[in-house]
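One structure is given below, encoded as structure tokens.
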Amino acid sequence: MQADTVIHARWIIPVEPASVTLEHHALVIHQGRIIDLLPSGQAQAQYQATKTEHLPDHALLPGFINSHTHAAMSLLRGIADDLPLMDWLQNHIWPLEQQWMGEEFVKDGTDLAIAEMLLGGTTCFNDMYFFPNITAQQAIAHGIRARIGLIVFDFPTIWAENSDAYINKALALYEELRGQPLITTTFAPHAPYTVSDAPLQKVLELSQKLQTPIHIHVHETRHEVEQALADSGKRPLQRLQELGLLSPALLAVHMTQLTDAEIALLAETGVHIVHCPESNLKLASGFCPVGQCLAAGINVALGTDGAASNNDLDMLGEMRTAALLAKAVADDASAVPAMAALQMATINGAKALGLDQEIGSLVVGKAADVIAIDLNHLETQPIYCPISQIVYAASRQQVTDVWVAGKHLLKQRQLTTLDIAELKIKIGSWQQRLSA
């Protein structure tokens with residue numbers, strides 16, 4: 001039988017079914033999809049491939065899904081560190097964005113983020129930022145999969161002057177991106193404290209009509225919850241529930257302030273949590289009780305947040321932090337085992353984004369979004385359990401190859417759709433402008 005690509009690997013970790021590791025197997029790709037997963041010997045006998053890859057020291061996995069980020073903010077990496085969230089936002093990030101935000105900023109910042117994400121094994125990202133049309137354009141240009149956030153605020157920015165204008169622009173971009181094979185959209189109202197009831201109700205109506213998820217920061221800090229109580233007598237989740245937003249279409253990002261009753265409510269309504277442990281730690285925003293949420297049956301995905309508050313887009317690092325932090329928060333070493341952390345970075349992210357029929361695991365029929373991690377490094381030897389070594393010991397520098405929809409975007413640590421030297425020149429220019 002003919003195939004485009006056959007990848008032979010020492011291990012294949014399909015993620016579905018969970019905790020399975022296949023040894024000396026091959027993954028067969030044709031027309032951008034996985035068409036077989038079988039022992040290497042059988043693959044050699046059955047398939048004639050245009051390209052054959054032999055990765056004798058590697059584990060193949062589904063690509064990582066960064067379920068919450070602000071890609072273009074990579075240009076602000078390290079510019080205002082070691083500050084609490086509202087000081088960081090109001091006195092540093094928002095003024096810089098007001099001064100410098102534009103199409104060129106988003107284009108170059110998104111390119112930097114995409115390069116970093118591909119080098120670290122991320123094949124899909126869920127974004128929320130200004131000029132989402134430019135983010136989509138760059139994702140298409142470089143072959144990475146993305147859900148593009150159609151942002152909504154109450155107040156004017158360079159992107160739109162009021163909530164109606166944001167929503168009108170969102171609908172226009174939704175129509176423009178329909179039919180793009182790797183690009184889908186979410187409605188992305190920023191947060192309960194920046195979007196009032198009427199636009200949230202409009203977003204809900206459009207989300208239901210267009211079958212498009214809603215992506216929003218919720219319960220990010222204690223201050224946010226206390227301010228909401230002072231202003232309205234309601235915690236933000238209660239307000240969102242009364243507006244009808246709590247459903248499987250909602251991606252609630254951060255969720256560091258949760259009561260037992262709220263955890264039960266989230267489980268009952270099918271809301272997805274996107275956990276951003278490193279950003280939450282760096283901004284001292286609080287701790288999402290991930291172990292408790294998973295035990296309640298809530299789907300918990302993983303995101304890095306933007307590189308301005310993390311300060312990287314490293315999903316391997318995020319997995320490790322998520323697993324370790326959950327153990328400490330729960331006072332239970334078994335709270336989030338390695339496999340659960342890997343699921344958060346892959347299939348759980350796909351479920352949160354409504355893309356689990358397409359990505360998130362290495363299953364016949366799904367898109368060939370695949371990464372290879374070289375475990376033949378001293379830092380990951382000896383190998384008793386490849387899954388544990390990947391979550392607890394491997395670094396992103398061990399990601400050697402990345403395919404999205406069967407297209408080889410990272411080949412032996414070399415990006416195939418981005419010019420790193422040219423990108424560094426652009427980033428250097430931005431550093432001079434922003435630091436001035």
Side-chain angles (χ1 to χ4, degrees), residues 66-76 85 89-90 93-98 100-107 109-110 113 125-140 146-178 180 183-207 209-210 212-218 220 224 236 240 243 245 249-254 274 276 279 303-309 352-354:
N66 188 345
S67 293
H68 175 70
T69 195
H70 314 282
M73 290 186 83
S74 56
L75 288 181
L76 300 172
L85 175 67
L89 267 179
Q90 292 172 349
I93 298 303
W94 285 348
L96 281 167
E97 288 176 333
Q98 192 170 5
W100 292 106
M101 179 56 57
E103 292 192 5
E104 184 192 6
F105 181 100
V106 173
K107 178 180 181 292
T110 299
F125 68 102
N126 181 39
D127 205 58
M128 178 195 281
Y129 207 55
F130 304 103
F131 293 94
N133 55 322
I134 304 299
T135 306
Q137 166 193 299
Q138 296 314 106
I140 292 164
R147 261 212 188 267
I148 301 297
L150 307 172
I151 60 167
V152 180
F153 287 90
D154 278 349
F155 52 81
T157 66
I158 192 169
W159 179 242
E161 61 270 19
N162 56 41
S163 59
D164 286 341
Y166 285 103
I167 289 170
N168 289 338
K169 281 196 159 189
L171 289 172
L173 185 56
Y174 168 84
E175 288 296 334
E176 184 183 324
L177 294 174
R178 285 177 73 182
Q180 283 290 344
I183 306 296
T184 46
T185 54
T186 65
F187 286 100
H190 172 257
Y193 60 88
T194 52
V195 188
S196 52
D197 286 0
L200 283 174
Q201 287 171 321
K202 183 65 175 174
V203 162
L204 174 61
E205 178 189 319
L206 291 168
S207 163
K209 178 182 175 184
L210 302 176
T212 299
I214 300 171
H215 173 202
I216 183 171
H217 303 96
V218 192
E220 185 171 0
E224 174 197 336
L240 295 181
L243 290 170
L245 270 81
L250 189 70
L251 286 78
V253 182
H254 295 300
V274 183
C276 303
S279 176
T304 59
D305 211 350
S309 66
L353 300 182

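Count residues from 1 along the sequence.
- Put simply, the side chain of Thr157 gets close to the backbone of Trp159: a donor and an acceptor are under 3.5 Å apart.
- Under 4.0 Å is where a charged nitrogen must lie from a carboxylate oxygen, and between Lys107 and Glu104 no such pair does.
- Residues Leu210 and Leu171 have side chains in contact (heavy-atom distance under 4.5 Å, counting atoms from C-beta outward).
- Proximity of Pro132 to Asp127: side-chain heavy atoms (C-beta onward) are nowhere separated by under 4.5 Å.
- Remark: the backbone N or O of Pro156 is not paired with any side-chain donor or acceptor of Tyr166 at under 3.5 angstrom.
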Stepwise side-chain contact (heavy atoms from CB on, under 4.5 Å) check, Val218 with Leu240: CA-CA 9 Å; Val218 192; Leu240 295 181; 3.9 Å; yes

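- Taking the side chain as every heavy atom from C-beta outward, Lys202 and Ser163 never approach each other to under 4.5 Å.
- The aromatic rings of His68 and His254 sit perpendicular, their planes meeting at an angle over 60°, well past the 30° parallel limit.
- One finds the CG atom of Leu245 at 4.5 Å from the CD1 atom of Ile214 (value rounded to the nearest 0.5 Å).
- Side-chain contact between Leu353 and Pro213 is absent, with no heavy atoms from C-beta onward closer than 4.5 Å.
- Scanning all heavy atoms of the two residues, the minimum distance from Ala72 to Val106 falls at CB-CA, 3.7 Å.
- With Gln180 as the fixed residue, the side chain to side chain contact (heavy atoms under 4.5 Å, CB included) test singles out one of Ile140, Ile148, Thr185: Ile140.
- A distance of 6.5 Å separates NE2 in His70 from NE2 in His190, rounded to the nearest 0.5 Å.
- Side-chain contact check for Glu220 and Tyr193: no donor-acceptor pair (N or O, by modelled atom type) lies under 3.5 Å.
- Side chain of Thr212 to main chain of Ser207: no donor-acceptor pair is present (N/O by atom type, distance under 3.5 Å, no hydrogens or angles).
- Residues Ser309 and Met73 are not in side-chain contact: their nearest non-hydrogen atoms beyond the backbone lie 4.5 Å or more apart.
- The main-chain N or O of Ala160 is never found under 3.5 Å from a side-chain atom of Lys169 such that the two would form a donor-acceptor pair.
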Should Ile158 and Phe131 be marked as a side-chain contact (heavy atoms from CB on, under 4.5 Å) after you check the CA-CA gap, both sets of side-chain angles, and the distance that decides it? CA-CA 9 Å; Ile158 192 169; Phe131 293 94; 3.7 Å; yes

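- With hydrogens and angles ignored, the 3.5 Å screen pairs no side-chain donor or acceptor of Ser67 with any backbone N or O of Gly303.
- When the options Asn66, Val274, Thr186, Thr184 are evaluated for a side chain to side chain contact (heavy atoms under 4.5 Å, CB included) with Asn126, the one that passes is Thr186.
- In this structure, CH2 on Trp100 lies 11.5 Å from CG on Leu75, to the nearest 0.5 angstrom.
- Just one residue in the list Thr304, Thr69, Asp305 forms a side-chain hydrogen bond (donor to acceptor under 3.5 Å, both in side chains) with Ser279, and that residue is Asp305.
- How far CG of Leu150 is from CZ of Phe187: 6.0 Å, rounded to the nearest 0.5 Å.
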Could you go step by step and tell me if Asn133 and Leu177 meet the side-chain contact (heavy atoms from CB on, under 4.5 Å) rule? CA-CA 9 Å; Asn133 55 322; Leu177 294 174; over 6 Å; no

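- Nearest approach of Ala188 to Gly149, heavy atoms of both residues: CB-CA, 3.8 Å.
- The CD atom of Gln90 sits 8.5 Å away from the CG atom of Leu85 when rounded to the nearest 0.5 Å.
- Two residues are said to be in side-chain contact when any heavy atoms from C-beta on lie closer than 4.5 Å; Leu96 and Leu76 meet this criterion.
- For His217 (side chain) and Val253 (main-chain N/O), no donor-acceptor pair under 3.5 Å exists by modelled atom type.
- Taken to the nearest 0.5 Å, the OG1 atom of Thr194 stands 5.5 Å off from the CZ atom of Phe155.
- Scanning both residues, Glu224 and Pro236, for their nearest heavy atoms gives OE2-CG, 3.8 Å.
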